[in-house]
Amino acid sequence: MRVSQMFIPTLREVPAEAEIASHQLMLRAGLMRKLAAGIYSYLPLGYRTLRKIEQIIREEMDREGAQELLMSALLPAEYYQQSGRWEVFGPEMFRLKDRHERNFCLGPTHEEIFTETVKNEVKSYRQLPLILYQIQTKYRDERRPRFGVMRSREFIMKDAYSFDRDEKGLDESYQKMYRAYCKAFDRMGLDYIVVDADTGAMGGSGSQEFMVKSDVGEGVIAFCDACGYAANDEKARCVPQEALRDEENKPLEKVRTPDVKTIEELTDFFGCSPKLFAKTLIYKADDKVVAVMVRGDRDVNETKLQNLLGCIELEMADAHTVREITKAEVGFAGPIGLDIDILVDLEVANMKNFIIGANETGFHYKNANIGRDFKATMVEDLRKIVEGDACPQCGHPIKTAQGIEVGHIFKLGTKYSKALQCTYLDENGKEQVMVMGCYGIGVNRCMAAVIEQNHDENGIIWPVSVAPYHVIIVPVNTNDEVQMGIAEEIYKKLQDAGIEVMLDDRNERPGVKFKDADLIGIPVRITIGKKAKDGIVEYKLRKEKEAEEKTVQESIDSAVQYIRDNL
RNA sequence: CGGGGUUUAGCGCAGUUUGGUAGCGCACAUGGUUUGGGACCAUGGGGCCGGGGGUUCAAGUCCCUCAACCCCGACCA
């Protein structure tokens with residue numbers, strides 16, 4: 001298309017609201033504009049890329065035998081009420097009423113609706129397995145939308161659901177989706193890793209996330225270079241690193257510790273490492289109050305804790321509750337004399353003669369020992385992994401990195417099919433519950449992730465597969481008839497070859513056109529300048545620094561070849 | 001939801017301390033000169049200074065209030 005007729009509102013300056021590269025570039029390159037916090041409009045260039053990403057996903061899903069359909073984003077409440085998620089989602093869900101005061105929501109995800117549809121239509125084992133998907137806008141009223149399209153309130157998601165006769169079938173469907181995801185992300189040019197993930201509120205037996213390594217990612221990944229173990233930090237298992245200290249049990253000793261509350265203050269006061277402390281944290285899990293003990297320098301992994309307790313709400317208890325339970329000011333909680341459940345981290349169970357709070361303001365105990373001085377209700381892995389911890393698989397030091405979650409695959413099992421009675425009849429005419437999986441890809445997030453991984457100081461560097469256009473032709477001087485003649489010739493020939501091509505026919509100075517071409521990141525640029533009269537043009541790849549001189553025909557051939565090789 | 005910040009032309013910002021009727025750069029329009037990395041000259045258009053209320057002869061500026069947006073945190077398939 002001719003650039004003079006296109007709607008590409010590029011910005012010279014960086015909008016104040018944009019913090020990260022992808023957000024800044026999506027605004028500057030005229031791909032999108034903000035309507036409200038976490039809500040964006042896609043402009044023509046951005047929408048072209050978005051559709052290409054969708055198409056790649058679509059092709060890879062179809063290749064594995066999944067079938068596309070489309071459901072409404074506006075959904076009646078009853079399905080979510082049946083599964084219990086009307087409550088679970090809480091304020092995250094956009095809710096509304098129709099004129100008859102009936103409850104509706106804007107779909108945050110569609111497990112219930114797919115399950116309901118399949119339940120009504122599928123009756124026999126002969127109709128299974130089935131994988132259905134859609135590419136559709138989802139709505140979540142995020143507490144804090146941020147980083148542009150990375151965490152927004154309206155976003156496009158490819159969500160797929162598999163229905164199988166049994167676990168074995170689920171494993172196969174899961175593998176199909178795994179393959180489709182790998183191929184789709186490869187084609188988008190994303191550098192990603194697959195990590196084990198927690199199944200969380202979704203329930204189910206297994207889950208993996210596709211993470212694009214990036215400093216702006218909100219997820220933390222723990223991985224091992226030695227054996228390939230990779231998990232997100234919620235899921236990563238922690239194994240105790242230090243063996244039981246070979247030391248006699250010393251007698252318990254109460255120590256006066258006025259105004260010594262935090263672990264830092266305790267470290268100073270006792271003059272020893274925080275590894276010799278066990279901190280006792282009071283949590284509120286739904287209506288129950290529990291104590292959790294981890295080593296002084298560790299953090300509680302609330303996901304692990306939540307899974308262990310099977311609760312919906314989990315938060316640190318407020319100061320009032322802590323005082324009531326421990327009979328002491330915050331900062332002096334300890335396990336001795338508490339009459340609530342005491343959940344102890346594996347590592348603490350390995351400690352000897354350690355320091356704990358005394359449940360009395362201004363006092364701690366020295367030389368505490370589990371078993372002798374107090375009893376643990378449960379000993380479990382409850383802490384958060386940190387860089388340098390031993391890999392749970394091979395023992396090598398773990399590394400951590402941040403990542404953008406672009407895809408998530410789940411073995412749901414029968415959670416939803418049971419709740420909604422989604423069943424089929426097997427060969428024996430016996431009723432069985434279907435076994436489900438669900439699989440999501442954040443389409444807009446993929447777009448932002450591609451930009452995060454493919455840009456420089458001048459703008460976006462689109463991979464050919466998702467570039468809004470493949471080639472941009474830049475005649476330096478539009479008043480020069482020779483230049484324009486050649487530009488038109490190349491334009492037409494590339495179009496005839498099926499290449500998506502832009503012709504920058506604006507009567508602008510060359511600098512402006514070059515800056516715009518770089519900013520919007522078109523993979524191939526053909527510049528027609530002074531040597532046009534000799535039939536020589538300039539051929540430049542966006543990702544390369546230098547341009548090459550070619551004849552008109554060579555430049556056309558090179559462009560066609562390059563695009564075909566990289567699609 | 002807690003803490004901090006911002007809101008003045010399409011974008012980026014100054015002006016608020018000390019109240020006196022709104023400004024700069026870019027962008028836009030017209031004419032001209034220019035044409036290899038965001039040109040130059042001239043002319044011009046565009047703002048209920050986030051909303052509401054108050055103080056005052058007079059409010060972008062002071063007071064009260066509401067809101068939107070951004071950042072940090074908490075939270076999150």
Side-chain angles (χ1 to χ4, degrees), chain A residues 9-20 23-24 27-28 30 33-39 85 88-93 107-112 138 140-148 150-153 155 157 159-161 197-204 206-210 218-219 232 234-235 302-303 306 312-316 318 405-412 415-416 437-442 445 457-459 474-480 483-484 504 506-519 525 527-532 537-538 540 545 547 549:
Chain A
T10 57
L11 302 174
R12 256 178 219 220
E13 289 174 279
V14 180
E17 68 192 45
E19 181 106 323
I20 64 170
H23 190 191
Q24 293 176 351
L27 294 171
R28 283 194 60 211
R33 287 292 183 262
K34 184 175 74 172
L35 270 183
I39 301 177
R85 291 209 294 182
V88 171
F89 266 107
E92 293 275 285
M93 190 145 73
T109 173
H110 280 165
E111 280 76 12
E112 285 84 349
K138 302 280 189 241
R140 293 183 197 179
D141 196 357
E142 294 283 350
R143 286 191 192 180
R144 177 139 114 83
R146 64 179 127 182
F147 296 151
M150 286 286 184
R151 175 159 298 260
S152 52
R153 296 194 292 173
F155 56 99
M157 179 154 122
D159 52 324
Y161 305 86
D198 183 70
T199 50
M202 298 293 295
S207 165
Q208 286 168 298
E209 286 172 348
F210 290 73
E218 297 185 76
N232 74 17
E234 295 178 337
K235 177 75 177 179
E302 297 190 354
T303 304
Q306 187 162 14
I312 292 171
E313 297 269 336
L314 180 72
E315 55 179 7
M316 294 276 283
D318 53 82
E405 180 190 345
V406 290
H408 201 156
I409 55 180
F410 262 102
K411 290 183 183 174
L412 283 177
K415 173 172 170 156
Y416 293 94
C438 76
Y439 317 89
I441 292 180
R445 210 181 253 188
E457 66 281 4
N458 293 316
V474 181
V476 167
N477 186 346
T478 46
N479 296 323
D480 182 322
Q483 289 184 20
M484 280 311 286
D504 197 345
R506 294 176 298 170
N507 184 17
E508 284 285 356
R509 294 176 65 83
V512 172
K513 300 193 202 185
F514 293 146
K515 287 285 185 192
D516 272 346
D518 286 350
L519 180 59
R525 188 180 84 198
T527 306
I528 297 114
K530 291 207 176 74
K531 294 192 179 168
V537 301
E538 216 174 86
K540 182 181 174 300
K545 242 193 155 39
E549 290 191 347

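Every heavy atom of this structure was used, including side-chain atoms; hydrogens, water molecules and symmetry mates were not. Just so we're on the same page: letters track the sequence lines, and every chain starts at 1.
Listed pair A:Arg12 / B:C26 fails the phosphate criterion, with no side-chain N or O lying under 4.0 Å from OP1 or OP2. Phosphate contact (OP1/OP2 of B:C70, side-chain N/O of A:Lys34, threshold under 4.0 Å): present.
Of the nucleotides present, B:G73 is the one that pairs with B:C1 by Watson-Crick or G-U wobble criteria, both distances under 3.5 Å. Under the Watson-Crick or G-U wobble criterion, with both distances below 3.5 Å, B:A68 is paired with B:U6. Under the Watson-Crick and G-U wobble criteria, each requiring two contacts below 3.5 Å, nucleotide B:C40 is paired to B:G32. Pair check for B:G25 finds B:C11; Watson-Crick or G-U wobble, both atom distances under 3.5 Å. Pairing partner, B:A59: none, since no Watson-Crick or wobble contact has both distances short of 3.5 Å.
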Restricting to nitrogen or oxygen on both sides, can you table the protein-nucleotides 72-75 of chain B pairs closer than 3.5 Å?
{"from": "B:C72", "atom 1": "OP2", "to": "A:Arg144", "atom 2": "NH1", "distance (Å)": "3.4"}
{"from": "B:C72", "atom 1": "OP2", "to": "A:Arg144", "atom 2": "NH2", "distance (Å)": "2.5"}
{"from": "B:C75", "atom 1": "OP1", "to": "A:Glu302", "atom 2": "OE1", "distance (Å)": "2.7"}
{"from": "B:C75", "atom 1": "N4", "to": "A:Arg146", "atom 2": "NH2", "distance (Å)": "3.4"}

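Residue A:Asn507 places its side chain closer to B:U35 than to any other of B:U35, B:G36, B:C69.
When heavy atoms are screened at a 4.0 angstrom cut-off, A:Lys530 is found touching base atoms of the nucleic acid.
A straight line from CD of A:Glu13 to P of B:C13 spans 8 Å, rounded to a whole angstrom.
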- Task: For the pair A:Lys513 and A:Glu508, evaluate salt bridge (Lys or Arg N to Asp or Glu O under 4.0 Å) and give the outcome as yes or no after the intermediate values.
- Result: CA-CA 7 Å; A:Lys513 300 193 202 185; A:Glu508 284 285 356; over 6 Å; no
